[in-house]
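Right, one structure below, let's go through it.
By convention here, the first residue in the shown sequence is residue 1.
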Amino acid sequence: MSTHPENTIPALLEAVRLGAHMIEFDVQLTKDGALVLMHDGTVNRTTDGKGKVADLTLAEIKALDAGAKMDARFAGTRIPTFEEALAVFPKNVWLNCHLKGGAALGEATAKVIAKTGRKHQAFLAATADAAKAARVAVPDILICNMERQNESMTYAQDTIAMKAQFIQLLGKGEVPLEAVKLLNAAGVRVNYYHDETPEGLRRQWNAGVNFPLVNDLAKAMPVAEEFGIKPLVPQP
């Protein structure tokens with residue numbers, strides 16, 4: 001998202017091209033129940049429109065330009081639906097679907113993931129209510145626990161207890177070593193946000209973090225290669 005309009009097909013394809021091992025994007029429901037990619041609660045910041053996503057129909061969302069504010073060369077880029085986004089990914093990259101909503105969104109996204117054959121790679125970064133509804137709809141859906149606690153060890157313990165497959169730790173450089181050690185031992189994959197300085201990335205990998213989340217993937221890849229992490233080769 002440092003070089004491409006966030007939550008759009010051009011950005012997702014660039015992440016694939018650069019060899020990301022995990023790609024994170026945000027999902028919301030429109031007024032008429034469509035699943036679209038958008039981070040903010042409104043379309044104001046990233047498009048030429050105004051209003052809350054929840055108050056706009058899919059047709060109204062699709063009429064917006066989601067690229068020109070980033071750079072004129074992206075003018076005319078549209079907001080993708082969840083299914084349109086899923087369709088551009090190879091089958092061997094982790095898909096971090098950050099849900100911006102509750103139970104209804106959890107259920108809807110889980111069903112789409114199952115229908116499109118992406119259960120092996122797509123997981124829902126979800127709060128407890130969304131995760132519960134998703135698991136009712138698709139019992140084996142993968143979950144990243146976003147029901148965060150102020151204290152990292154409590155957050156880690158809760159994540160293990162709910163049998164989530166991922167966690168997303170928050171920080172500005174400091175990594176909670178004991179919590180990461182516990183999560184590693186339990187087989188929970190650890191995502192970390194946010195420190196993408198070369199020193200911060202090295203600190204995360206040395207501490208046992210599996211996936212540092214970065215906004216500028218091109219700058220992070222050379223540091224990853226220091227740890228033997230090569231760009232992912234897409235598998236159709």
Salt bridge Lys230-Glu225, side-chain N to carboxylate O under 4.0 Å: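 A salt bridge is present here (some side-chain N lies under 4.0 Å from a carboxylate O).
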Arg203 with Glu174: basic N within carboxylate O range, under 4.0 Å: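 Here Arg203 does not pair with Glu174 in a salt bridge, since their nearest N and O are not under 4.0 Å apart.
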Measure the spacing between [atom1] of [X] and [atom2] of [Y] and express it to the nearest 0.5 Å.
| X | Y | atom1 | atom2 | value |
| --- | --- | --- | --- | --- |
| Thr159 | Gln168 | OG1 | CD | 11.0 Å |
| Lys62 | Thr30 | NZ | OG1 | 11.0 Å |
| Met1 | Thr46 | CE | OG1 | 9.5 Å |
| Asn96 | Arg189 | CG | CZ | 12.5 Å |
| Thr3 | Asn215 | OG1 | CG | 10.0 Å |

Is there a path of hydrophobic side-chain contacts, each under 4.5 Å between heavy atoms of I, L, V, M, F, W or Y residues, that connects [X] with [Y]?
| X | Y | result |
| --- | --- | --- |
| Ile23 | Leu35 | yes |
| Leu86 | Ile143 | yes |
| Val27 | Val88 | yes |
| Val188 | Met162 | no |
| Leu99 | Leu95 | yes |

Checking [X] now: which residues fulfil side chain to side chain contact (heavy atoms under 4.5 Å, CB included) with it, not counting sequence neighbours?
| X | answer |
| --- | --- |
| Lys111 | Glu107, Ala137 |
| Asp129 | Thr127 |
| Ser152 | Pro176, Ala179 |
| His120 | Lys91 |

Which pairs would a plain distance check flag for residues 5-14, meaning a side-chain donor or acceptor within less than 3.5 Å of a matching protein atom at least two apart in sequence or in another chain?
from  : atom 1 : to    : atom 2 : distance (Å)
Glu6  : OE1    : Arg45 : NH1    : 3.1
Glu6  : OE1    : Arg45 : NH2    : 3.3
Glu6  : OE2    : Arg45 : NH2    : 2.8
Asn7  : OD1    : Asp26 : N      : 2.9
Asn7  : ND2    : Asp26 : OD2    : 3.0
Thr8  : OG1    : Pro5  : O      : 2.6
Glu14 : OE1    : Arg17 : NE     : 2.9
Glu14 : OE2    : Arg17 : NH2    : 2.8

Short side-chain to backbone donor-acceptor contact, [X] and [Y], under 3.5 Å:
| X | Y | result |
| --- | --- | --- |
| Lys100 | His39 | yes |
| Tyr155 | Ile167 | no |
| Asp32 | Leu58 | yes |
| Gln204 | Asp195 | yes |
| Asn92 | Val233 | yes |
| Glu196 | Asp216 | yes |

Check against side-chain contact (heavy atoms from CB on, under 4.5 Å), Cys144 and Asn191: CA-CA 9 Å; Cys144 175; Asn191 304 333; 4.2 Å; yes
Would you give me the side-chain donor-acceptor pairs under 3.5 Å for residues 48-57, sequence neighbours excluded?
from  : atom 1 : to    : atom 2 : distance (Å)
Asp48 : OD1    : Asp65 : N      : 2.8
Thr57 : OG1    : Glu60 : N      : 3.2
Thr57 : OG1    : Glu60 : OE1    : 3.3

Close side-chain approach of [X] and [Y], heavy atoms under 4.5 Å:
| X | Y | result |
| --- | --- | --- |
| Ile113 | Val138 | no |
| Thr109 | Cys97 | no |
| Ile61 | Arg78 | no |
| Phe211 | His21 | yes |
| Asn210 | Asn184 | yes |
| Lys69 | Thr47 | no |
| Val175 | Val209 | yes |
| Leu213 | His194 | no |

Worked check of salt bridge (Lys or Arg N to Asp or Glu O under 4.0 Å) between Glu226 and Arg202: CA-CA 9 Å; Glu226 295 176 15; Arg202 295 183 186 106; 2.8 Å; yes
Please name all residues satisfying ring pair (Phe, Tyr, Trp, His ring centres under 6.0 Å) with [X], sequence neighbours left out, ordered by chain then number.
| X | value |
| --- | --- |
| Phe74 | His4 |
| Phe82 | none |
| Phe25 | Phe89 |
| His98 | none |

Verdict with reasoning, Val190 to Leu169, per side-chain contact (heavy atoms from CB on, under 4.5 Å): CA-CA 7 Å; Val190 180; Leu169 297 176; 3.7 Å; yes
Heavy atoms only: give me the nearest [X]-[Y] pair and the separation to one decimal.
| X | Y | result |
| --- | --- | --- |
| Ala20 | Val93 | O-CG2, 3.4 Å |
| Ala156 | Leu182 | CB-CD2, 4.5 Å |
| Val16 | Pro234 | CG1-CG, 4.0 Å |
| Ala131 | Ala126 | N-CB, 3.9 Å |

Sequence neighbours excluded, every pair satisfying salt bridge (charged side-chain N to carboxylate O under 4.0 Å, His left out) that has a member inside residues 140-157: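 Qualifying pairs, neighbours excluded: Lys119-Asp140.
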Heavy-atom neighbours of Lys132 NZ exceed 12 at 6.0 Å: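 For Lys132, atom NZ is not crowded (no more than 12 foreign heavy atoms under 6.0 Å).
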Parallel, tilted or perpendicular, as decided by the 30° and 60° cut-offs, for the rings of Phe166 and Phe123: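 Because their plane-to-plane angle is under 30°, the rings of Phe123 and Phe166 count as parallel.
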Other ILVMFWY residues reachable from Val223 by side-chain steps of under 4.5 Å: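 Hydrophobic cluster check, Val223: joined to Leu18, Leu201, Trp205, Val214, Leu217, Met221, Phe227, Ile229.
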Asp40 and Thr42 side chains, donor-acceptor separation under 3.5 Å: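 Per modelled atom types, Thr42 and Asp40 side chains form no pair under 3.5 Å.
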